[in-house]
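What you see is a predicted model; the values in this text were computed from it and never measured.
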Amino acid sequence: MAADPALEVRPCEAMGMSSANPFARAGYLLAAHVPQQLPADGGAEVAFAGRSNAGKSSALNAICQQKALARVSKTPGRTQQLVYFELPPHADKYLVDLPGYGYAKVPKPMQAHWQAFISEYFETRLALRGLVVVMDIRHPLKDYDRQMLGYAVQRGIPAHALLTKADKLSRGAAGNTMQAVRMELSRQYGDGVGVQVFSAQAPTGVDQARQVIAHWLDI
């Protein structure tokens, strides 16, 4: 039986590098606490969402081949703004790190602020081309994950689930979880949501994630 492409490790991944990575020059641009601080809504951007302990920062760093582009913290929930990364030489194209919470000890007023801000972002942001939802493969499809996917589906933009920390499971268990998540996403959202296994540590699935995002941004 042919190997599932979502579980394949390409040679460049095995060496921890990728040829022609369009995200290798990504750099910090700004952090927005309110909608008025967002860049002009005329470019193209892909947002990353994930629970506080799902490995979102590690996934961003792996995709961009940088060790500290997104801050990896031992304290979950440290991303408390919409953080924009620009992608030279492509003008007006960005990756956006959304605030993560779940296990994080975020005060209720802060959670309410982010709920309103993110809702407005998804409802009105014309530049948004896709959403990556980062989930711990051992604990996928929590309420927050479904909420983020629902935002994307309601807007009619594509979404892609990264089942991170796949190195914590055997190859067979990771594949079984991916298939179960894929079936659930298809049942609930149709064909609008993709899914793959991912590990920033192995690495696994990094090139595949890059290809999905690059396609959305047309780079």
Side-chain angles (χ1 to χ4, degrees), residues 23 26-33 45-87 94-106 110-111 114-115 117-118 121-122 125 128-152 157-169 174 177-178 181 185 193-210 212-214 216-217:
F23 307 107
Y28 172 84
L29 177 66
L30 60 83
H33 185 71
E45 59 202 46
V46 169
F48 281 70
R51 286 167 56 85
S52 303
N53 60 336
K56 176 162 57 72
S57 295
S58 295
L60 271 164
N61 288 339
I63 288 167
C64 296
Q65 282 182 279
Q66 299 188 38
K67 293 182 178 180
L69 178 69
R71 188 168 75 172
V72 179
S73 174
K74 294 181 180 179
T75 303
R78 293 299 292 272
T79 303
Q80 296 185 2
Q81 298 173 304
L82 269 71
V83 180
Y84 271 71
F85 302 104
E86 57 187 352
L87 301 173
Y94 311 103
L95 302 180
V96 186
D97 190 1
L98 302 182
Y101 55 86
Y103 289 128
K105 297 179 180 179
V106 178
M110 179 68 75
Q111 290 193 28
W114 287 120
Q115 182 71 40
F117 190 0
I118 291 175
Y121 173 79
F122 276 98
R125 189 71 178 172
L128 187 59
R129 296 290 185 268
L131 172 69
V132 177
V133 180
V134 179
M135 312 177 196
D136 187 325
I137 193 169
R138 300 165 297 179
H139 313 286
L141 294 177
K142 298 297 185 182
D143 289 345
Y144 174 75
D145 304 325
R146 295 178 187 274
Q147 180 184 18
M148 293 296 105
L149 292 170
Y151 280 139
I157 61 172
H160 192 67
L162 291 188
L163 302 180
T164 61
K165 306 184 183 182
D167 55 289
K168 303 294 185 182
L169 299 180
T177 299
M178 183 191 67
V181 171
L185 292 176
V193 180
V195 61
Q196 66 164 103
V197 298
F198 187 94
S199 170
Q201 301 299 322
T204 302
V206 179
D207 274 348
Q208 182 182 354
R210 286 179 188 144
V212 169
I213 300 162
W216 288 344
L217 292 173

Nearest 0.5 Å, what's the NZ-CG distance between K56 and D136? 14.0 Å
Could you tell me if E86 and Y28 have a donor-acceptor pair between their side chains, going purely by distance under 3.5 Å? no
If you take all heavy atoms of P99 and I118, which pair is closest and at what distance? CD-CD1, 4.0 Å
In Å and rounded to the nearest 0.5 Å, what is the OH to CE distance from Y144 to M135? 11.0 Å
Just how far is it from atom CD of Q196 to atom CD of Q208, taken to the nearest 0.5 Å? 4.0 Å
Within the side chain of D97, is there an N or O that forms a donor-acceptor pair under 3.5 Å with the backbone of V83? no
Heavy-atom check, side chain of F198 versus side chain of D167, under 4.5 Å: no
Any donor-acceptor N/O pair, R129 side chain to E45 backbone, under 3.5 Å: no
Would you call F48 and V96 a side-chain contact if the rule is heavy atoms closer than 4.5 Å? no
For A202 and T204, which heavy atoms make the closest approach, and how far apart are they? CB-OG1, 3.3 Å
Taking atom CG of L131 and atom CE of M148, what is their separation to the nearest 0.5 Å? 7.5 Å
Below 4.5 Å, heavy atoms only, C-beta onward: do F117 and L98 meet side chain to side chain? no
Scanning both residues in full, the closest heavy-atom pair of A166 with V197 reads CB-CB, 4.2 Å
Side-chain touch Q66/F85, heavy atoms, less than 4.5 angstrom: no
Do Y94 and L30 come close enough that some side-chain heavy atom pair is under 4.5 Å? no
Between V46 and L128, is any pair of side-chain heavy atoms under 4.5 Å apart? no
For V206 and A62, work out which heavy atoms get closest and say how close. CG1-O, 3.6 Å
Please round to the nearest 0.5 Å and tell me the distance separating atom CZ of R210 and atom SG of C64. 8.0 Å
Looking at every non-hydrogen atom in both residues, tell me the closest pair between A209 and L162 and how far apart they are. CB-CD2, 4.0 Å
I'd like to know if K142 and D145 make a salt bridge, using a cut-off of under 4.0 Å between side-chain N and carboxylate O. no
Sub-4.5 Å side-chain heavy-atom contact between Q201 and K168: no
Answer yes or no: is there a side-chain heavy-atom contact under 4.5 Å between L69 and L95? no
Non-neighbouring partners of Y121 that pass ring-ring contact (aromatic ring centres under 6.0 Å, His included), sequence neighbours left out: none
Nearest-0.5 Å distance that lies between atom OG1 in T164 and atom CZ in R138: 8.0 Å
Between A152 and A159 the two heavy atoms that sit nearest each other are CB-CB, 4.0 Å
